[in-house]
Structure formats: structure tokens, C-alpha cells
Amino acid sequence: LADSGHAPYGERDGAHVVDRSLKIAQYLADQGASMVVVACNTATAAAIDALRGRFSHFALVGVEPGVKPAALVSRNKRIGVMATPSTLASARFATLVQRHASDCLVVSQACPGLAAAIERGAAAGAEIDALLDRYTKPLVEAQVDTVVLGCTHYPFMADRIAMRLGPDVTILDTADAVARHAL
């Protein structure tokens, strides 16, 4: 289910994201869903605990930035995480970094406006390029060798991000891992 009228969530108030997530999950429960994939890093960070509290009768799979796999593959222990401001400000993200990347330099790069520009599509081409230039520059300067795409919108720009970061930087997206978990 796409919540196009309220997306993207990355710069929305946490209470709004929780409310929307609960309403959407209720709708899906009413339709007979046996599993819900919360396909948004921000919604997972803000609402997964509330969802699990209310909907314990079906499986919930969240989407989180791939900090753990990034820490495992990084050669120089310098990881960049491109995500929305809300995801990066969440306690859930801080816990991920502490638990899985405490031995790494983690460069958290908030990308305000990027998900919204991606939502607008081709009409936002020049804006997207300017945002990508701005948001990848600190990662290049920090000499990260692994970058996590911590927003489900960002994989649509993975090639453009990779072009800016260079060939020696590994880009990680958790979509395949989430899909396997949901099977």
C-alpha cells in the first residue's frame, strides 16, 4: 500500500508517522494481511514498536539502514549513511550504530529534500543532481569506502550516487535482505 498523500515520511513529525503507520496497518489487517513490511526506514524507526504492540497477531518486517552489513564489508572502517533527517535522529538508528559499528567511523549524512525530489521524478532532475552533489561531497571528503542507502527512495538514484562516490565505494541497500526475511 502506498501512502502517496503523506509520503515521503523522512521530514515529517514522528507522531504523524506513527499515526499513519497504525492506520495503514489497521487497514491491511482488516483486509486479512498476515504480514506487513514497513517499507520505509523512517516509519520503521518511528513506528515499529507501536505497530508490534498493537498488531501482535501478524508478522511485521521493518526496514532499517544496513549498518551491520556495512561494518562487515568496510575495508577502512569508514561508513557513510545517507538517510532522511528523521531516520538519522532516531534512537533506533543510534542503537544500530552502537550495536554493529562501534569500531567504525560512521558519517551520517542527512538528505533533506532528496526523497521528495525523487518522488517528483524527472521534473526534479536538476534539483536531484544538486542535492546528490551536496550530500555525497562530505562522504567523499571523509574517505568512506561503504555507503548505506538508508531510505527506500534512494536506490532509484544508486547509479547517480555511485558515479559521485567513485568506483572504490561499495553501496549497500537492504531491499534484498528485507525481501528474503519476508519469505
Side-chain angles (χ1 to χ4, degrees), residues 2 7-11 37-46 48 60-122 124-183:
Y9 289 168
E11 296 174 53
V37 176
V38 182
C40 172
N41 290 269
T42 298
T44 298
I48 197 76
L60 285 154
V61 177
V63 176
E64 296 180 318
V67 172
K68 181 179 180 180
L72 294 173
V73 301
S74 176
R75 298 172 310 282
N76 69 3
K77 298 298 182 188
R78 293 173 170 268
I79 299 166
V81 180
M82 295 177 70
T84 66
S86 296
T87 296
L88 294 177
S90 72
R92 192 167 201 91
F93 178 73
T95 299
L96 277 174
V97 171
Q98 181 182 18
R99 184 177 298 144
H100 300 294
S102 61
D103 64 334
C104 298
L105 169 68
V106 177
V107 180
S108 299
Q109 180 58 57
C111 302
L114 183 56
I118 293 168
E119 285 266 330
R120 288 193 298 280
E127 178 187 3
I128 291 170
D129 284 333
L131 291 170
L132 291 176
D133 288 344
R134 181 182 329 150
Y135 299 145
T136 56
K137 184 178 179 183
L139 303 175
V140 171
E141 290 173 351
Q143 299 177 346
V144 301
D145 72 352
T146 307
V147 172
V148 175
L149 302 181
C151 172
T152 54
H153 286 78
Y154 300 171
F156 293 107
M157 297 296 124
D159 290 343
R160 291 162 80 175
I161 293 168
M163 181 179 67
R164 287 163 170 82
L165 296 173
D168 296 328
V169 177
T170 300
I171 296 181
L172 292 178
D173 168 28
T174 61
D176 290 341
V178 171
R180 283 191 302 275
H181 187 72
L183 292 177

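Around the NZ atom of Lys68, the shell of radius 6.0 Å holds no more than 12 heavy atoms that belong to other residues, nucleotides or ligands. Taking a 6.0 Å sphere around CD of Gln98, one finds it holds 12 or fewer heavy atoms contributed by other residues, nucleotides or ligands. Atom CG of Asp103 is surrounded by more than 12 heavy atoms from other residues, nucleotides or ligands within 6.0 Å.
Counting heavy atoms from C-beta outward, Val148 and Ile79 have side chains that approach closer than 4.5 Å. Using a 4.5 Å cut-off on side-chain heavy atoms (C-beta onward), Ile118 and Ile128 make contact. Looking at Arg75 and Thr170, their side chains come closer than 4.5 Å, going by heavy atoms from C-beta outward. Contact annotation: the side chain of Val63 never approaches that of His181 to less than 4.5 Å [non-hydrogen atoms, C-beta and beyond].
In terms of heavy atoms, Phe93 sits closest to Ser108 at CE2-OG, 3.5 Å. For Val178 against Gly62, the heavy-atom pair with the smallest separation is CG2-O, 4.1 Å. Val144 and Gly80 get closest at one heavy-atom pair: CG1-N, 3.7 Å. Shortest non-hydrogen contact noted between Ala117 and Leu131 is CB-CD1, 4.1 Å. Minimum heavy-atom separation, Gly66 to Leu172: O-CD1, 4.2 Å.
Panel note: side chain Thr152, backbone Ala39; a donor-acceptor pair is recorded below 3.5 Å. A donor-acceptor pair under 3.5 Å is absent between the side-chain atoms of Asp173 and the main chain of Pro155, judged by distance alone. Side-chain atoms of Thr136 never come within 3.5 Å of backbone atoms of Leu165 as a donor-acceptor pair (strictly under, hydrogens ignored). Between the side chain of Asn41 and the main chain of Ala83, no donor-acceptor pair closer than 3.5 Å is present. Counting only distance, with no hydrogens or angles, the side chain of Thr44 and the backbone of Val38 share a donor-acceptor pair below 3.5 Å. At least one donor-acceptor pair closer than 3.5 Å links the side chain of Ser90 to the backbone N or O of Thr87.
One distance of note links CG of Leu114 with CD of Glu127; it measures 9.0 Å at 0.5 Å rounding. Distance CD/Glu64 to CD1/Ile48: 8.0 Å, rounded to 0.5 Å. Rounded to the nearest 0.5 angstrom, His153 NE2 and Met82 CE are separated by 13.5 Å. The line from CD1 of Ile161 to CG of Leu132 is 5.5 Å long, rounded to the nearest 0.5 Å.
There is no side-chain donor-acceptor pair under 3.5 Å between Thr42 and Ser86.
By the side-chain hydrogen bond (donor to acceptor under 3.5 Å, both in side chains) test, Arg78 pairs with no residue at all, sequence neighbours left out.
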